[in-house]
Amino acid sequence: MRIGVFVCSCGTNIAGTVDTKRVASEALSFADVVYATNYMYTCSEPGQQEIQKAITEHGLQGVVVAACSPRMHEPTFRRAVEKAGLNRYMFEMANIREHVSWIGTDKEANTRKALDLVRMAVAKLRFNAPLFSSKAPVNKRLLVIGGGVAGIQAALDCAEGGMDVVMVERKQYIGGKMAKLDKTFPTIDCSSCILGPKMVDVSQNEKITLYAASQIESINGYIGNFTVDIRKKATYVNWDACTGCGACVEKCPSKKAEDYFNEGLGQARAINIPFPQAIPKKAAIDAQFCRQLNGKKCGVCAKICPVKAIDFEMKDTIVTEKVGAIIVATGYDLFDYSVYGEYGGGRYPDVISGIQYERILSASGPFGGHIRRPSDGREPKDIVFISCVGSRDASVGRPYCSGICCMYIAKQAILTKDHMPESNSYVFYMDIRSPGKNYDEFVRRAQEEYGVQYIRGRVGKIYQRGDRMVVQGADTLLGVQVEVEADLVVLATGVESSSGAGELAEKLRISYDQYGFYMESHPKLRPVETNTAGVYLAGACQGPKDIPSSVAQGSAAASKVQSLFAHDTIETNPQVALVNERNCIACGKCIQVCPFGAIQWKELRGGIKKAEVLQTVCQGCGVCNATCPPKAIQLQHATDNQILAEVNELCA
Amino acid sequence: MTDEGPRSIAPADGTAADTQGIKIVGFLCNWCSYGGADTAGVCRFKQPTDLRVVRIPCTGRMDPLFIAKSLIYGVDGVLVSGCHPRDCHYAVGNFYARRRMEAFKAFLPFMGIDTRRFKYTWVSASEGQQWQKVVTEFSEQIHELGPNPGVRRQTGENSKVSTGLR
Amino acid sequence: MKRVAYYKGCSLEGLATEYDRSTRLVCEAFGIELVEIHDWNCCGSSPAHSYDPLLSSALAGRNLAIAADQGCDVVMTPCPGCLKSLKGAQETCEDPSKRKAFVDLVGRDVDGMKTISLLQLLYEEVGPEAIKKAVKRPLSGHVLIPYYGCLLTRPADRAKFDDPENPISLDRLIEATGATAPDFPFKTECCGATYGVTRNEFVGRLSGRILDMASQLGGEAIVVACPLCQQNLDMRQDQINKFAKRDFHLPVPYISQVIGLSLGISPKKLGLDKLCVSPDVLLEDRAGDEKRVQEQAG
């Protein structure tokens with residue numbers, strides 16, 4: 001093989017502590033190296049042209065570039081050698097910047113290390129073989145998991161682009177957390193007025209198939225070709241027939257069902273449509289509270305229903321959908337405030353969470369938009385807001401900032417003053433975090449125009465005195481202890497990952513952090529992609545987010561999907577495992593260990609069994625390669641011989 | 001390098017000095033630890049210069065044979081590093097790796113190799129500082145142990161890579 | 001009969017002898033044999049603790065070691081201060097980095113020993129149900145305020161008993177005697193004991209708040225399980241009254257005295273006469289009143 005070595009100086013980044021000239025000249029003595037040179041910036045356009053020129057002039061069959069990390073520029077140089085007619089896999093990189101020049105100051109030792117790394121790269125390259133991608137068709141249908149604002153945005157964007165979209169939502173309505181909000185910061189526009197039309201669009205768009213009250217059962221396949229099983233949970237109402245008239249809800253005698261939509265502030269009927277604007281506007285029975293389903297004589301809803309939609313025998317069903325890409329937009333949950341025993345959340349009815357207060361403020365809420373205390377229905381006069389309940393507190397396992405609470409407290413305090421001009425609002429805060437367009441101005445308005453009293457300090461205890469609550473805390477700016485009497489206390493509960501996020505991640509084969517938030521491919525440059533090709537993220541499932549950011553991510557993920565779907569086929573990664581059938585002893589160990597189910601049995605003539613790799617499913621981890629007893633299965637571009645060639649060069 | 005190649009011991013800080021002679025090979029998974037080593041570089045976290053990194057897709061790719069061959073044929077220490085358990089890019093590759101390497105470690109004494117010459121660890125792509133710590137500590141440990149006495153120098157026979165494996 | 005090692009500590013030796021006496025009587029009534037730790041010494045909670053934590057652990061550890069030698073595996077102490085120290089000794093012995101030094105000083109390990117408070121013993125070993133059954137002179141009609149103080153359930157990872165912020169064990173024990181125990185918001189507030197000598201205006205303010213809230217809730221007495229809380233609330237009640245310009249008259253009996261009363265043990269034997277604020281109000285028999293009221297109504 002004729003190999004060319006190109007040693008990059010990277011300005012002084014490498015040349016400062018590595019003698020790049022010497023590396024280039026000594027590289028000429030390595031086996032098969034016919035050309036070696038040193039260049040100032042190899043990744044620049046003239047640098048790349050230098051490589052291409054050398055390939056043609058010296059008839060190079062393989063190229064080694066000693067420069068930065070391959071995680072940085074391997075794709076760049078692969079494209080460059082490909083343009084000059086080489087196969088892109090006839091290229092290797094030696095990382096002499098991140099792994100050499102930047103971590104040591106001894107030029108002599110660094111130069112020797114750089115030489116070793118170049119020698120190892122050359123040794124590996126001698127075992128490289130050209131690899132070719134195959135093409136797989138792309139199924140241009142999208143699955144959106146989660147029907148909150150991020151998922152809705154993504155689904156509408158893609159449907160607009162003409163793609164078929166399947167949306168799965170585990171609740172019986174779409175809209176997510178935003179549907180529960182009264183107003184949104186910092187513009188105080190009505191949440192359901194801006195979200196409602198989008199929800200209607202989802203239900204009316206022919207391109208979108210909506211599965212509400214459904215969950216992901218399993219996901220198989222790979223980018224361009226996923227097969228998804230969806231569990232449609234039994235709602236005991238035939239939704240094809242249900243018109244959402246609500247007659248059943250009115251007559252249902254079981255009136256003490258949990259009102260999930262109003263966060264437990266009111267009581268719902270066992271058969272229910274959660275809110276007037278619900279999409280889909282269909283009734284569903286809460287089996288836990290239904291008399292008929294609990295063996296008592298009832299069946300009132302079935303008698304009253306004008307379209308005979310009630311079906312007490314209904315069972316969960318599984319439907320299978322085939323899609324080419326998946327957007328995960330499963331949102332978040334809120335911190336359980338009862339963890340802070342000293343605040344008495346859950347014990348005192350007038351200590352409530354931010355989202356509960358949001359329902360109280362809402363005109364469609366349990367009190368029709370009048371601010372009332374849950375305990376006695378009295379209008380509160382003094383209201384205390386406490387920030388960072390389950391945010392920035394390592395002692396409850398939530399060291400991160402939830403990002404939205406400072407803003408929603410300010411909004412709620414402003415709305416409180418609007419509803420009740422005579423009321424007093426107090427905010428206990430640690431710091432005010434308001435980085436966003438018009439956000440800080442908004443908080444200032446709360447303080448300056450609306451007279452909300454901001455007290456910097458933590459609350460140590462909340463207790464009842466008579467029918468009022470006493471909030472006892474510190475004012476760290478004045479350095480004194482303070483006590484504020486309040487009629488109502490609102491805890492700004494922080495954001496945590498959605499329940500069941502981990503199980504879904506395992507079905508999707510994407511990773512998540514220690515708090516259950518999904519991991520993006522790169523925190524800065526690939527914010528909506530995951531490490532599993534074809535699976536994208538949108539909204540707060542990736543980390544706490546406000547509405548504008550969630551919507552932006554929904555659109556970003558949609559644009560990623562559209563660029564994927566712009567192609568009829570995708571090129572598969574040829575760095576996959578390959579079975580040498582002559583050596584395969586058909587032990588089946590590779591089939592057992594493959595994390596992706598990418599290996600299957602293949603029958604040759606005469607009934608001889610051999611392992612076979614599904615090239616499009618294989619992700620290239622190499623577990624099978626390490627497992628295979630006769631080493632019949634080899635991971636292309638990281639074969640045993642290639643890795644051992646590097647090791648061997650070091651041992652020489 | 002010949003059999004009697006110069007082998008001097010670098011000072012423990014490892015940042016400067018001549019470390020010629022001591023050789024450590026690191027097998028790093030592409031997604032976490034290789035990224036962690038890059039991060040350490042980007043942050044200019046100084047490290048001893050004895051380590052030579054081989055990039056592998058996943059620690060699940062680690063054949064114990066790679067470690068055995070390295071230690072038998074002339075390397076003084078082997079460091080394997082991958083993604084933290086439960087954080088594998090390929091979901092479970094590092095679990096396979098952990099079991100294999102644990103089992104393999106028990107065999108090292110039978111080959112006459114000090115188990116302290118082999119270490120596996122988990123470093124994520126963001127843990128540059130952790131990578132610096134791992135490299136520094138392991139390099140110091142190998143320097144304390146000195147050159148690998150179990151080394152069988154390569155002969156013409158076994159210098160051919162392909163003889164080791166079909 | 002259950003054998004439990006009994007570590008009474010310095011408070012119960014002097015200031016709080018009535019706590020000691022009533023504890024012994026109540027335990028006897030429920031068939032618990034208290035084995036006093038032979039030649040016990042200071043638990044190491046105050047001066048030793050700030051001078052050298054290991055010394056403090058070793059002091060407490062010696063008591064555990066003797067208890068173990070006496071064949072007990074459970075040590076009960078009525079004093080929360082002692083409880084914290086004894087549990088601390090246990091932790092020191094289990095900490096690999098300190099174990100050797102501890103064992104060298106104490107002479108043996110204290111593995112497997114369990115230290116509990118009187119409250120925990122009464123709540124978990126005896127239980128409110130058994131107490132309810134044994135009551136001969138129910139305290140019905142009395143409103144008694146449960147006050148745990150700061151140490152009894154905290155720090156949570158050391159105490160490992162009840163809820164650190166909103167404990168309920170004392171409430172349930174009071175209810176077992178027939179009395180009413182209102183939800184007292186200052187259950188675990190500080191009484192100011194650490195400033196008892198140096199800055200007693202703090203005690204005035206902090207204990208004053210507790211007394212104030214107790215009387216707002218209609219309490220006739222504050223029931224405690226800590227000699228220091230008792231001292232602050234009871235002995236200093238006059239001082240507090242002067243400081244806060246109030247006129248509180250709330251007796252502060254120990255839980256053991258309250259249970260003892262309900263069992264029909266004589267007030268004298270329980271040492272109720274030792275309290276500074278007269279507990280006579282507790283001796284009023286209202287169970288009969290209630291019955292009469294009910295009969296009249298019916």
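In the text below, chain A, chain B and the rest are named by the order of the sequence lines, each starting its count at 1.
- One finds the CG atom of B/Leu28 at 7.0 Å from the NE2 atom of A/His99 (value rounded to the nearest 0.5 Å).
- Of the atoms belonging to A/Phe596, it is side-chain heavy atoms, and not backbone ones, that fall under 4.5 Å from chain B.
- Neither the backbone nor the side chain of A/Gln514 comes within contact range of chain B, judged by heavy atoms closer than 4.5 Å.
- Salt bridge B/Asp63/A/Lys631: present, at least one basic N to carboxylate O contact under 4.0 Å.
- The choice from B/His84, B/Gln132, B/Met62, B/His89 that makes the most heavy-atom pairs within less than 4.5 Å of chain A is B/His89.
- In terms of heavy-atom pairs under 4.5 Å with chain B, the best-connected choice from A/Leu650, A/Thr532, A/Leu635 is A/Leu650.
- Summarising the local packing, NZ of A/Lys107 is surrounded by more than 12 heavy atoms from other residues, nucleotides or ligands at distances under 6.0 Å.
- Summarising the local packing, NZ of B/Lys105 is surrounded by more than 12 heavy atoms from other residues, nucleotides or ligands at distances under 6.0 Å.
- Remark: B/Arg44 CZ is packed, more than 12 non-hydrogen atoms of other residues, nucleotides or ligands lying under 6.0 Å away.
- Between A/Asp640 and B/Arg61 a salt bridge is recorded (basic side-chain N to carboxylate O distance below 4.0 Å).
- Checked against side-chain contact (heavy atoms from CB on, under 4.5 Å), A/Val647 has the following partners two or more places apart in sequence or in another chain: A/Cys651, B/Phe27, B/Ser70.
- Neither the backbone nor the side chain of A/Asp513 comes within less than 4.5 Å of any heavy atom of chain B.
- A salt bridge between B/Arg55 and A/Glu74 is present, with a side-chain N of the basic residue lying under 4.0 Å from a carboxylate O of the acidic one.
- Against chain B, the residues from residues 613-623 of chain A that qualify, each with a non-hydrogen atom under 4.5 angstrom away, are A/Gln619, A/Gly620, A/Cys621, A/Gly622, A/Val623 in number order.
- Using a 4.5 Å cut-off between heavy atoms, A/Thr639 touches chain B through its backbone atoms (N, CA, C, O) alone.
- A side chain to side chain contact (heavy atoms under 4.5 Å, CB included) with A/Glu98 holds for exactly one of B/Thr39, B/Val53, B/Val42; it is B/Val42.
- A donor-acceptor distance shorter than 3.5 angstrom exists from the side chain of B/Tyr96 to the backbone of A/Val593, with no hydrogens or angles considered.
- Checking side-chain atoms of B/Lys69 against main-chain N and O of A/Leu644 turns up no donor-acceptor pair under 3.5 Å.
- Taking CZ of B/Arg52 as the start and NZ of A/Lys113 as the end, the distance is 6.0 Å to the nearest 0.5 Å.
- Every residue meeting the side-chain contact (heavy atoms from CB on, under 4.5 Å) condition with B/Phe95, not counting sequence neighbours, appears here in chain and number order: B/Pro85, B/Arg86, B/Val92, B/Arg98.
- Proximity to chain B (any heavy atom under 4.5 Å) is shown, for A/Met72, by neither the backbone nor the side chain.
- Side-chain atoms of A/Arg71 and B/Asn30, non-hydrogen and from C-beta on, do get closer than 4.5 Å to each other.
- Proximity of B/Tyr34 to A/Ser69: side-chain heavy atoms (C-beta onward) are separated by under 4.5 Å at one or more points.
- Under the 3.5 Å distance criterion, with hydrogens and angles disregarded, a donor-acceptor pair is assigned to the side chains of A/Thr627 and B/Arg100.
- Between B/Thr49 and A/Asp106 there is no side-chain heavy-atom pair separated by less than 4.5 Å.
- With a 4.5 Å cut-off on non-hydrogen atoms, B/Ala37 touches chain A through its backbone and its side chain both.
- By the side-chain contact (heavy atoms from CB on, under 4.5 Å) test, A/Ala632 pairs with A/Asn583, A/Cys584, A/Cys628, A/Pro630, sequence neighbours left out.
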